[in-house]
Amino acid sequence: MNALNGKKALVTGGSRGIGAATALRLAEQGADVAVTYVQGEEAAREVVAKIEAMGRRGLALRADLGASADAADAVERTAEAFGGLDILVNNAGVGVLAPLDRLSPADVDRVLAVNVRGVFLASQAAAARLPRGGRIITIGSCMAQRVPGPGGTLYALSKSALIGLTKALARELGGRGINATVIHPGPIDTDMNPADGPTAADQAAMTSLGRYGTADEVASMVTYLAGDGAAYVTGAELSVDGGYAA
Ligand code: NDP
(Lines give C-alpha, C1' and ligand atoms only; values in the text may rest on other atoms or scores of the structure.)
Protein backbone atom coordinates (compact mmCIF):
# COMPACT_ATOMS: atom_id res chain seq x y z
CA MET A 1 0.00 0.00 0.00
CA ASN A 2 2.99 2.36 0.30
CA ALA A 3 4.34 2.33 -3.24
CA LEU A 4 4.71 6.11 -3.23
CA ASN A 5 6.31 6.49 0.18
CA GLY A 6 8.35 9.69 0.41
CA LYS A 7 7.10 11.05 -2.94
CA LYS A 8 5.86 14.62 -3.14
CA ALA A 9 2.92 15.40 -5.40
CA LEU A 10 0.89 18.36 -6.60
CA VAL A 11 -2.65 17.88 -7.94
CA THR A 12 -4.19 20.93 -9.59
CA GLY A 13 -7.92 21.27 -9.01
CA GLY A 14 -7.73 18.88 -6.08
CA SER A 15 -10.60 20.36 -4.11
CA ARG A 16 -13.25 18.07 -5.63
CA GLY A 17 -14.07 15.57 -8.34
CA ILE A 18 -11.29 13.63 -10.06
CA GLY A 19 -8.59 15.80 -8.46
CA ALA A 20 -9.76 15.19 -4.89
CA ALA A 21 -10.05 11.43 -5.50
CA THR A 22 -6.54 11.46 -7.01
CA ALA A 23 -5.04 13.39 -4.12
CA LEU A 24 -6.48 10.90 -1.62
CA ARG A 25 -5.30 7.88 -3.61
CA LEU A 26 -1.76 9.26 -3.88
CA ALA A 27 -1.70 9.92 -0.12
CA GLU A 28 -3.05 6.43 0.54
CA GLN A 29 0.00 5.12 -1.35
CA GLY A 30 2.34 7.16 0.85
CA ALA A 31 2.81 10.48 -0.98
CA ASP A 32 2.69 13.97 0.50
CA VAL A 33 0.13 15.87 -1.56
CA ALA A 34 -0.61 19.52 -2.28
CA VAL A 35 -3.93 20.43 -3.91
CA THR A 36 -4.97 23.64 -5.60
CA TYR A 37 -8.40 25.24 -5.56
CA VAL A 38 -10.08 28.39 -6.82
CA GLN A 39 -13.53 28.66 -5.20
CA GLY A 40 -13.45 25.63 -2.97
CA GLU A 41 -11.14 26.62 -0.13
CA GLU A 42 -13.15 24.72 2.48
CA ALA A 43 -13.38 21.62 0.27
CA ALA A 44 -9.61 21.76 -0.35
CA ARG A 45 -8.98 22.02 3.38
CA GLU A 46 -11.15 18.95 3.95
CA VAL A 47 -9.06 17.01 1.40
CA VAL A 48 -5.90 18.15 3.21
CA ALA A 49 -7.34 17.07 6.57
CA LYS A 50 -7.95 13.57 5.13
CA ILE A 51 -4.41 13.45 3.73
CA GLU A 52 -3.00 14.42 7.12
CA ALA A 53 -5.20 11.85 8.85
CA MET A 54 -3.33 9.23 6.77
CA GLY A 55 -0.06 10.49 8.28
CA ARG A 56 1.09 12.38 5.15
CA ARG A 57 1.78 16.05 4.66
CA GLY A 58 -0.96 17.99 2.88
CA LEU A 59 -1.16 21.52 1.55
CA ALA A 60 -4.00 23.60 0.06
CA LEU A 61 -3.00 26.36 -2.34
CA ARG A 62 -5.21 28.86 -4.14
CA ALA A 63 -4.23 28.89 -7.81
CA ASP A 64 -6.30 30.05 -10.76
CA LEU A 65 -4.68 28.35 -13.75
CA GLY A 66 -6.18 31.04 -15.94
CA ALA A 67 -4.05 33.67 -14.20
CA SER A 68 -0.62 34.01 -15.71
CA ALA A 69 1.63 33.34 -12.71
CA ASP A 70 -0.48 30.99 -10.60
CA ALA A 71 0.38 27.64 -12.20
CA ALA A 72 4.15 28.00 -11.85
CA ASP A 73 3.70 29.58 -8.44
CA ALA A 74 1.76 26.53 -7.17
CA VAL A 75 4.62 24.28 -8.29
CA GLU A 76 7.20 26.46 -6.53
CA ARG A 77 5.19 26.69 -3.32
CA THR A 78 4.68 22.93 -3.22
CA ALA A 79 8.37 22.21 -3.80
CA GLU A 80 9.33 24.71 -1.10
CA ALA A 81 6.88 23.33 1.46
CA PHE A 82 7.71 19.66 0.83
CA GLY A 83 11.39 20.01 -0.07
CA GLY A 84 10.96 18.92 -3.69
CA LEU A 85 8.43 17.62 -6.18
CA ASP A 86 8.18 14.16 -7.79
CA ILE A 87 4.70 14.06 -9.33
CA LEU A 88 2.65 16.75 -11.05
CA VAL A 89 -0.96 15.90 -11.86
CA ASN A 90 -2.42 18.44 -14.28
CA ASN A 91 -6.07 17.83 -13.44
CA ALA A 92 -7.78 21.23 -13.20
CA GLY A 93 -9.89 22.10 -16.18
CA VAL A 94 -13.06 23.78 -17.28
CA GLY A 95 -15.70 22.21 -19.48
CA VAL A 96 -17.39 24.65 -21.82
CA LEU A 97 -19.69 22.90 -24.27
CA ALA A 98 -21.76 25.12 -26.57
CA PRO A 99 -22.68 25.52 -30.23
CA LEU A 100 -19.96 27.19 -32.28
CA ASP A 101 -21.97 30.38 -32.83
CA ARG A 102 -22.42 30.87 -29.09
CA LEU A 103 -18.76 30.77 -28.15
CA SER A 104 -17.25 34.23 -27.63
CA PRO A 105 -13.59 35.23 -27.92
CA ALA A 106 -13.64 35.53 -24.11
CA ASP A 107 -14.76 31.87 -23.85
CA VAL A 108 -11.91 30.86 -26.14
CA ASP A 109 -9.39 32.82 -24.07
CA ARG A 110 -10.61 31.41 -20.75
CA VAL A 111 -10.76 27.75 -21.81
CA LEU A 112 -7.37 27.84 -23.50
CA ALA A 113 -5.85 29.75 -20.55
CA VAL A 114 -6.98 27.17 -17.98
CA ASN A 115 -6.95 23.93 -19.98
CA VAL A 116 -3.84 24.56 -22.09
CA ARG A 117 -1.67 27.50 -21.02
CA GLY A 118 -2.00 26.67 -17.30
CA VAL A 119 -1.07 23.04 -17.98
CA PHE A 120 1.91 24.13 -20.07
CA LEU A 121 3.18 26.56 -17.41
CA ALA A 122 2.73 24.09 -14.55
CA SER A 123 4.54 21.41 -16.56
CA GLN A 124 7.35 23.80 -17.44
CA ALA A 125 7.83 24.79 -13.79
CA ALA A 126 7.68 21.15 -12.68
CA ALA A 127 10.14 20.03 -15.36
CA ALA A 128 12.72 22.39 -13.86
CA ARG A 129 12.38 20.63 -10.51
CA LEU A 130 11.50 17.00 -11.12
CA PRO A 131 14.20 14.43 -10.36
CA ARG A 132 14.89 11.20 -12.29
CA GLY A 133 11.74 9.08 -11.89
CA GLY A 134 9.55 12.19 -11.92
CA ARG A 135 6.10 12.17 -13.47
CA ILE A 136 3.90 14.65 -15.31
CA ILE A 137 0.41 13.13 -15.55
CA THR A 138 -2.21 15.18 -17.36
CA ILE A 139 -5.96 14.72 -17.44
CA GLY A 140 -7.16 15.06 -21.02
CA SER A 141 -10.57 13.87 -22.18
CA CYS A 142 -12.21 11.22 -24.32
CA MET A 143 -13.31 14.19 -26.44
CA ALA A 144 -9.68 14.69 -27.48
CA GLN A 145 -10.03 11.41 -29.36
CA ARG A 146 -13.66 11.23 -30.44
CA VAL A 147 -16.30 13.95 -30.56
CA PRO A 148 -19.66 12.19 -30.76
CA GLY A 149 -21.87 15.22 -31.46
CA PRO A 150 -22.06 19.00 -31.76
CA GLY A 151 -21.01 21.50 -29.08
CA GLY A 152 -17.50 20.27 -28.40
CA THR A 153 -15.33 22.48 -30.61
CA LEU A 154 -13.63 24.55 -27.92
CA TYR A 155 -13.34 21.83 -25.27
CA ALA A 156 -12.02 19.23 -27.75
CA LEU A 157 -9.55 21.77 -29.10
CA SER A 158 -8.21 22.42 -25.61
CA LYS A 159 -7.97 18.76 -24.62
CA SER A 160 -6.40 17.54 -27.86
CA ALA A 161 -3.61 20.09 -27.36
CA LEU A 162 -2.61 18.09 -24.29
CA ILE A 163 -1.78 15.07 -26.44
CA GLY A 164 0.83 17.05 -28.36
CA LEU A 165 2.15 18.57 -25.17
CA THR A 166 2.49 15.16 -23.52
CA LYS A 167 4.30 13.54 -26.44
CA ALA A 168 6.69 16.47 -26.73
CA LEU A 169 7.33 16.51 -22.97
CA ALA A 170 8.10 12.78 -23.09
CA ARG A 171 10.67 13.42 -25.82
CA GLU A 172 12.17 16.44 -24.11
CA LEU A 173 12.37 14.98 -20.60
CA GLY A 174 12.94 11.29 -21.34
CA GLY A 175 16.71 11.69 -21.18
CA ARG A 176 16.35 12.85 -17.57
CA GLY A 177 14.20 9.82 -16.69
CA ILE A 178 11.01 11.86 -16.39
CA ASN A 179 7.78 10.39 -17.78
CA ALA A 180 4.82 12.30 -19.22
CA THR A 181 1.43 10.72 -19.88
CA VAL A 182 -2.13 11.85 -20.59
CA ILE A 183 -5.26 10.12 -19.33
CA HIS A 184 -8.51 10.42 -21.27
CA PRO A 185 -11.47 9.93 -18.94
CA GLY A 186 -14.87 9.11 -20.36
CA PRO A 187 -18.00 10.44 -18.68
CA ILE A 188 -17.14 10.62 -14.98
CA ASP A 189 -19.68 11.43 -12.28
CA THR A 190 -18.52 14.79 -10.86
CA ASP A 191 -19.91 18.31 -10.48
CA MET A 192 -18.69 19.01 -14.03
CA ASN A 193 -20.65 16.09 -15.51
CA PRO A 194 -23.14 14.64 -13.01
CA ALA A 195 -24.45 11.16 -13.74
CA ASP A 196 -27.99 12.50 -13.32
CA GLY A 197 -27.49 15.47 -15.67
CA PRO A 198 -29.65 16.17 -18.74
CA THR A 199 -27.33 14.39 -21.22
CA ALA A 200 -26.13 11.67 -18.84
CA ALA A 201 -28.13 8.80 -20.33
CA ASP A 202 -26.82 9.59 -23.82
CA GLN A 203 -23.23 9.79 -22.55
CA ALA A 204 -23.51 6.50 -20.68
CA ALA A 205 -24.95 4.88 -23.82
CA MET A 206 -21.86 5.95 -25.79
CA THR A 207 -19.59 3.84 -23.59
CA SER A 208 -19.09 0.10 -24.12
CA LEU A 209 -19.94 -0.56 -20.48
CA GLY A 210 -23.12 1.51 -20.59
CA ARG A 211 -22.34 3.54 -17.47
CA TYR A 212 -20.55 6.53 -16.02
CA GLY A 213 -17.18 6.06 -14.39
CA THR A 214 -16.23 7.24 -10.93
CA ALA A 215 -13.55 9.75 -9.97
CA ASP A 216 -11.82 6.94 -8.12
CA GLU A 217 -11.55 4.86 -11.31
CA VAL A 218 -9.55 7.69 -12.89
CA ALA A 219 -7.53 8.21 -9.70
CA SER A 220 -6.40 4.59 -9.74
CA MET A 221 -4.90 5.06 -13.23
CA VAL A 222 -3.08 8.18 -12.01
CA THR A 223 -1.70 6.23 -9.06
CA TYR A 224 -0.52 3.45 -11.36
CA LEU A 225 1.23 5.91 -13.68
CA ALA A 226 2.87 7.62 -10.69
CA GLY A 227 4.39 4.38 -9.45
CA ASP A 228 7.45 2.32 -10.37
CA GLY A 229 5.26 -0.18 -12.22
CA ALA A 230 4.76 2.41 -14.95
CA ALA A 231 8.45 3.33 -15.29
CA TYR A 232 8.44 2.38 -19.00
CA VAL A 233 5.19 4.19 -19.83
CA THR A 234 5.77 7.63 -21.34
CA GLY A 235 4.42 9.73 -24.18
CA ALA A 236 1.30 7.59 -23.94
CA GLU A 237 -2.44 8.24 -23.97
CA LEU A 238 -4.38 6.04 -21.54
CA SER A 239 -8.16 5.83 -21.78
CA VAL A 240 -10.28 5.38 -18.67
CA ASP A 241 -13.53 5.73 -20.53
CA GLY A 242 -15.56 2.54 -20.22
CA GLY A 243 -14.92 1.90 -23.90
CA TYR A 244 -16.20 5.27 -25.12
CA ALA A 245 -13.48 5.43 -27.80
CA ALA A 246 -13.73 1.75 -28.75
P1 NDP B 1 -14.91 19.40 -11.44
O2 NDP B 1 -15.60 20.55 -12.11
O3 NDP B 1 -15.69 18.48 -10.59
O4 NDP B 1 -13.64 19.96 -10.62
C5 NDP B 1 -12.80 20.88 -11.24
C6 NDP B 1 -11.63 21.20 -10.37
O7 NDP B 1 -10.81 22.15 -11.08
C8 NDP B 1 -12.01 21.85 -9.06
O9 NDP B 1 -11.08 21.46 -8.08
C10 NDP B 1 -11.88 23.34 -9.36
O11 NDP B 1 -11.53 24.12 -8.23
C12 NDP B 1 -10.72 23.35 -10.33
N13 NDP B 1 -10.74 24.50 -11.21
C14 NDP B 1 -11.80 25.00 -11.90
N15 NDP B 1 -11.42 26.11 -12.57
C16 NDP B 1 -10.10 26.30 -12.31
C17 NDP B 1 -9.15 27.27 -12.69
N18 NDP B 1 -9.47 28.31 -13.45
N19 NDP B 1 -7.88 27.15 -12.21
C20 NDP B 1 -7.56 26.14 -11.40
N21 NDP B 1 -8.42 25.19 -10.98
C22 NDP B 1 -9.68 25.28 -11.44
O23 NDP B 1 -14.21 18.61 -12.65
P24 NDP B 1 -13.83 17.06 -12.84
O25 NDP B 1 -13.27 16.49 -11.60
O26 NDP B 1 -14.96 16.42 -13.53
O27 NDP B 1 -12.69 17.23 -13.95
C28 NDP B 1 -11.30 17.15 -13.67
C29 NDP B 1 -10.57 17.07 -15.00
O30 NDP B 1 -11.06 15.95 -15.73
C31 NDP B 1 -10.80 18.29 -15.90
O32 NDP B 1 -9.61 18.61 -16.57
C33 NDP B 1 -11.86 17.81 -16.89
O34 NDP B 1 -11.82 18.52 -18.10
C35 NDP B 1 -11.45 16.36 -17.03
N36 NDP B 1 -12.50 15.46 -17.52
C37 NDP B 1 -13.66 15.29 -16.83
C38 NDP B 1 -14.63 14.43 -17.31
C39 NDP B 1 -15.93 14.19 -16.62
O40 NDP B 1 -16.80 13.57 -17.23
N41 NDP B 1 -16.11 14.64 -15.37
C42 NDP B 1 -14.44 13.70 -18.58
C43 NDP B 1 -13.17 13.95 -19.22
C44 NDP B 1 -12.26 14.80 -18.70
P45 NDP B 1 -12.61 24.89 -7.27
O46 NDP B 1 -13.76 23.97 -7.06
O47 NDP B 1 -11.84 25.14 -6.02
O48 NDP B 1 -12.99 26.13 -7.95
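Start at 1 and go down the list; that is how both ligands and their atoms are numbered.
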Visitor: Of all heavy-atom pairs between L85 and T78, which one has the smallest distance, and what is that distance?
Guide: CD1-CG2, 4.0 Å

Visitor: Hey, does the side chain of T166 reach the backbone of G235 with a donor-acceptor pair shorter than 3.5 angstrom?
Guide: no

Visitor: If the test is side-chain hydrogen bond (donor to acceptor under 3.5 Å, both in side chains), which one of T12, N115, T138 qualifies with N90?
Guide: T138

Visitor: Hey, does N5 have a side-chain heavy atom less than 4.5 Å from the side chain of R56?
Guide: yes

Visitor: Pairing donors with acceptors under 3.5 angstrom, does anything connect the side chains of Q29 and N2?
Guide: no

Visitor: Kindly tell me which protein residues have any non-hydrogen atom under 4.0 angstrom away from an atom of ligand 1, grouped by chain and ordered by number?
Guide: G13, G14, S15, R16, G17, I18, Y37, V38, Q39, G40, A63, D64, L65, N91, A92, G93, V94, V114, I139, G140, S141, Y155, K159, P185, G186, P187, I188, T190, D191, M192, N193

Visitor: Before accepting this row, confirm whether a basic side-chain N of the pair R25/D216 lies closer than 4.0 Å to the acidic partner's carboxylate O.
Guide: yes

